[in-house]
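Here is how names work: the chains are called A, B, and so on, in the same order as the sequence lines, proteins then strands, and each is numbered from 1.
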Amino acid sequence: MNIPRDFRFTSSHEWVRIRNNIATVGITDYAQNQLSDLTFIELPAVDDEVSASDEVAVVESVKAASDVYAPVSGRVVEINTRVVEQPDIVNRDPYGEGWLFKIEMSHPEEIDDLMDADQYEESLPEEE
Amino acid sequence: MKTPLYSAHVALGARMILFGGWHMPVQYEGILREHLHVRSHCGVFDTCHMGELEVRGPHAAEDLDRLITCRVADLAVGQCRYGYLLHEKGGVLDDLTCYRFAFDRFWLVVNASTRQSDFEWIRDHLSPSTTLEDRSDALAKLDVQGPTSRANLERAFDVPLPDLGYFRFATARLDGTDCVISRTGYTGEWGYELYFPAERAAGFWEKLIAAPGIRPAGLGARDTLRLEMGYPLYGHELGPERTPAGVAQGRFIDLAKPFVGRDPVKEELERGPREKLVGLLLDGRRAARAGAEVYAKEGRVGVVTSGSFAPSLDCAAALAYISAEGANPGQMVEVDAGVTRLKARVAALPLYRKGTARGSRIERHD
């Protein structure tokens, strides 16, 4: 399972990459693999104020629908409209081109509540 | 329970789910790709979990005519017909296909989850001279579906296949084994259902998936394919609490003969079913899921029974029971998806109209 070492993670399978005060958010490789072919993505609007663990986006596959939660609080400053048009980008490149939205953090200390790569890896069920 | 192909699916990396008590592959390389490959080329589905019940005896045809909604007496040898098994109040115990092998010998091909209850129900309703045998464990079933199925099968087994009309079947010798090959399926595409001894399952499977053009397809694609065709799935569109009168304008029901459950179904068809099964085309790609309520200007008008993204329509699609007055194609409705309401348009079935099941031309007849 592909897990970038310098990202942070939530137990609901979002990843976060921090640059300065901006948190880029997506769903993990594990999450996209569990969902399989994504067919629909709904993103928050730019300028939405969100709190950590708010439901802010939706990802759907043929068989399943899943909410995406804000890992940190702040203001949505950018969304990836390409994945709305082509949800399979998230399947192909969940940690890169398949990012979902960026949050300008209002409480940067919330990062400390997120898992690092080792913790996230350990939290995943054993592969069958 | 496991089909004879369980380990073959696992070896292919299939994602397995429990379906009607059976460990079945939901997908191999992905539902979307498998779906589109069946629409454009050919897919093979493990359907060994389905049941085959053999009914024999001089009064078998009469007994079956009294038990299922379609007409059995005038089936030709080598012909099969789709129908419903009902209880006295008209609710659906199963949907099935009835095959005639001889004047006095039939198969009923039934759903996996209802196989045992069907067997008991049918056994208790037969004449003393009619025998019933559950042959499901001894028989494997593979569905080969898609517009190139015939050429792909002929190449895989290096034999010409018999010319078969839609819902006709024959015995063919494939790889040294006598198989029942039936021009039927549940995808809307030209294709076959193959029945043969269970011990040949793995050999046939390997041969088919190794053949050029044929790819394995799982239950996920089977579900999206049948959804686009508006074919009902037992447990979703069909069940014991509802008669089949609202499905397909009462097709597959022959009211001219007596059968268990006929009177309530006849009454409902004559006064017009209260709810009809219709297609919904959603405004976007977000799916309406089973159980979601459907609303029109006048309030709640129905409920979604199946729904997902429809790969060949490039939008989300659903099947729903809608009150008859609102069940007109073009009618705009909204589906309650929890946090939001999804706009949808009522559409006639099938939703996908380029299927090749009946032939390369689209023909309009029953």
Pairing donors with acceptors under 3.5 angstrom, does anything connect the side chains of B:S149 and B:E189?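 B:S149 vs B:E189: no donor-acceptor pair found between side chains.
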Which heavy atom of B:P216 sits nearest a heavy atom of B:L12, and at what distance?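 It is CG-CD1, 4.2 Å.
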More than 12 non-hydrogen atoms from neighbouring residues, nucleotides or ligands closer than 6.0 Å to CD on B:E241, yes or no? yes
Heavy atoms of other groups near A:N20 CG, more than 12 under 6.0 Å: no
Could you please state which residues from residues 75-95 of chain A sit under 4.5 angstrom from chain B, measuring non-hydrogen atom to non-hydrogen atom, sorted by number, or 'none'?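 Hits under 4.5 Å: A:P87.
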Contact list (residues 53-62 of chain A to chain B, heavy-atom gap under 4.5 Å, by number) returns A:V58, A:E60, A:S61, A:V62
Looking at the rings of A:W15 and A:F7, which for Trp means the six-membered one, are their centres under 6.0 Å apart? yes
Interatomic spacing from NE2 in B:H23 to NE2 in B:H49 - rounded to 0.5 Å: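 Going from NE2 on B:H23 over to NE2 on B:H49, the span is 13.0 Å.
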Measure the spacing between CE of A:M115 and CG of A:D113 and express it to the nearest 0.5 Å. 11.0 Å
Interface residue of largest heavy-atom contact number with chain A, from B:G220, B:A287, B:G284, under 4.5 Å: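 It is B:A287.
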Quick one: side-chain hydrogen bond (donor to acceptor under 3.5 Å, both in side chains) partners of A:T10, sequence neighbours excluded?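 Listed in chain order: A:S12, A:E14.
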Looking only at atom types and distance, does a side-chain atom of B:T114 sit under 3.5 Å from a main-chain N or O of B:N111, one as donor and one as acceptor?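 Pair found, side chain donor or acceptor close to backbone of B:N111.
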Has the side chain of B:R226 got a donor or acceptor atom that lies under 3.5 Å from a matching backbone atom of B:Y231?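 Confirmed, B:R226 side chain pairs with B:Y231 backbone.
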Kindly write out the residues that satisfy side chain to side chain contact (heavy atoms under 4.5 Å, CB included) with A:R19, not counting sequence neighbours, or none if the list is empty.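 Counting only residues at least two positions away or on another chain, A:R19 forms a side chain to side chain contact (heavy atoms under 4.5 Å, CB included) with A:R17.
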Is B:V10 in contact with chain A via its backbone, its side chain, both, or neither, using a 4.5 Å heavy-atom distance?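 Neither part; nothing is under 4.5 Å.
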What part of A:N33 gets closer than 4.5 Å to chain B, counting heavy atoms only: side chain, backbone, both or neither?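 Both parts, heavy atoms under 4.5 Å.
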